[in-house]
Amino acid sequence: MAIRPLARRELSIDTAALARFLIGKIVVRELPEGIVSGRIVETEAYVVGDAAGHGYRGMTQRNRSLFLEPGHAYVYVAYGISNMLNVSSGNAGTGTGVLIRALEPLEGIGIMQQNRGTERLRDLTRGPGRLAAALRIDRSLDGLDLCRKGPLWLAHDDHEPGKIGKSIRIGITKDADRLLRFYLRGSPFVSGTKALNV
DNA sequence: AGTTCGATTCACT
DNA sequence: GTGAATCGAACTG
């Protein structure tokens, strides 16, 4: 079953709809050692007028990629250690995006194990910082167009995702009660506590 | 120029 | 379940 790049016109202009749409799609990372890929099982939307969003206070040096056309990478460092992968959303000039929070590993599991320093399949890409480490994603990929093949891109195949759940987002303090987190129900590769994943 | 604060993770108990 | 580590970027003065 072939995988192909996501077309930009398939990406909803609505950030929450895009976050839901991305569940079941594939993140592809091309490394010198080979291809690493995983299926998206958890996302969060950071929408217009959202105090938790990095674009909320306007463009800065760090977040400028959020304001690109939909489907570009916004990569930033959280807590000084973990890289976070986001997909820019909304029309150009809109500082909104979708955080990719967890993947189900598909290809290149050996490379991921090396990048993560663990063998445990379930720990490779469960959590935004972990998946970025597994796919060796850092700020050098910030601003990349994810809708065309390259070092990092988004793909889809004929896979139909199962039921998608919705919850509050993880790890934020502002606008913390909005239901903007989406996840694949029953997936062992989703992060967060049991109560969030019903 | 100094301070504050995380869109987290890991190692414990 | 709880707590410490960790550092770059944004914000304040």
Side-chain angles (χ1 to χ4, degrees), chain A residues 14-23 27 38 40-68 70-90 94-103 105 112-144 146 152 154 165-184 188-198:
Chain A
D14 179 75
T15 304
L18 177 64
R20 196 175 195 288
F21 170 81
L22 287 175
I23 301 288
V27 179
I40 299 171
V41 296
E42 181 183 357
T43 61
E44 282 178 359
Y46 289 86
V47 302
V48 175
D50 180 357
H54 284 185
Y56 184 62
R57 291 168 205 279
M59 201 181 325
T60 66
Q61 188 176 4
R62 171 174 70 160
N63 71 16
R64 65 196 151 79
S65 301
L66 265 187
F67 294 80
L68 296 170
H72 287 79
Y74 166 47
V75 181
Y76 73 94
V77 180
Y79 297 100
I81 21 182
S82 303
N83 284 287
M84 304 281 134
L85 171 63
N86 297 257
V87 180
S88 70
S89 165
T94 310
T96 55
V98 175
L99 170 68
I100 310 297
R101 285 196 56 92
L103 304 175
M112 294 195 222
Q113 288 170 327
Q114 203 144 39
N115 288 339
R116 287 273 301 122
T118 179
E119 299 275 303
R120 286 203 62 194
L121 188 63
R122 199 169 103 88
D123 288 341
L124 290 181
T125 52
R126 180 167 44 89
R130 289 170 174 164
L131 78 87
L135 271 59
R136 212 179 300 154
I137 292 168
D138 60 32
R139 283 230 66 180
S140 69
L141 299 170
D142 184 59
L144 206 66
L146 301 174
L152 181 67
L154 291 170
K166 198 196 306 192
S167 81
I168 60 167
R169 295 171 290 180
I170 296 177
I172 57 168
T173 54
K174 301 164 198 160
D175 273 333
D177 47 2
R178 304 181 70 168
L179 297 177
L180 291 171
R181 172 176 174 269
F182 301 89
Y183 59 93
L184 180 61
F189 300 101
V190 166
S191 76
T193 61
K194 197 185 283 186
L196 278 178
N197 296 313
V198 289

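Small disclaimer: the values here were computed from a predicted structure and weren't measured. Below, chain A is the first sequence line, B the second, and so on; all start at residue 1.
The nearest heavy atom of DNA chain B to A:Gly171 and to A:Asp123 marks one nucleotide each, and the one closer to the 5' end goes with A:Gly171. Mapping A:Tyr79 and A:Arg139 onto DNA chain C by nearest heavy atom places A:Tyr79 closer to the 5' end of the strand.
Under 4.0 angstrom from either OP1 or OP2 of B:dT9 there lies no side-chain N or O belonging to A:Arg126. The phosphate of B:dC10 has OP1 or OP2 within less than 4.0 Å of a side-chain N or O from A:Arg130.
Using a 3.5 Å distance cut-off with no hydrogens or angles, the side chains of A:Asn83 and A:Arg136 do not pair a donor with an acceptor.
For the pair A:Arg116 CZ and B:dT8 C1', the interatomic distance rounds to 11 Å; values are reported in whole Å. A:Asp50 has its CG atom 10 Å from the C1' atom of B:dA7, to the nearest Å. Between the NE2 atom of A:His54 and the P atom of B:dG6 there is a distance of 10 Å, rounded to whole Å. Taking atom CZ of residue A:Arg120 and atom P of nucleotide B:dT9, one finds them 15 Å apart after rounding to whole Å. Protein atom OH of A:Tyr74 is 9 Å distant from nucleotide atom P of B:dA7, rounded to whole Å. Rounded to an integer number of Å, the gap from CD1 of A:Ile137 to C1' of B:dT8 is 16 Å.
Note on A:Arg169: nothing from the nucleic acid sits closer than 4.0 angstrom, heavy atoms only.
Of the residues listed (A:Ile23, A:Ile40, A:Leu22), the one engaging A:Phe182 in a side chain to side chain contact (heavy atoms under 4.5 Å, CB included) is A:Ile23, and it is the only one.
A nucleotide of DNA chain C counts as in contact with chain A when one of its atoms lies under 4.0 Å from a heavy atom; the first and last such, 5' to 3', are C:dT6 to C:dC11.
With values rounded to the nearest 0.5 angstrom, A:Thr96 atom OG1 is found 8.5 Å from A:Leu18 atom CG.
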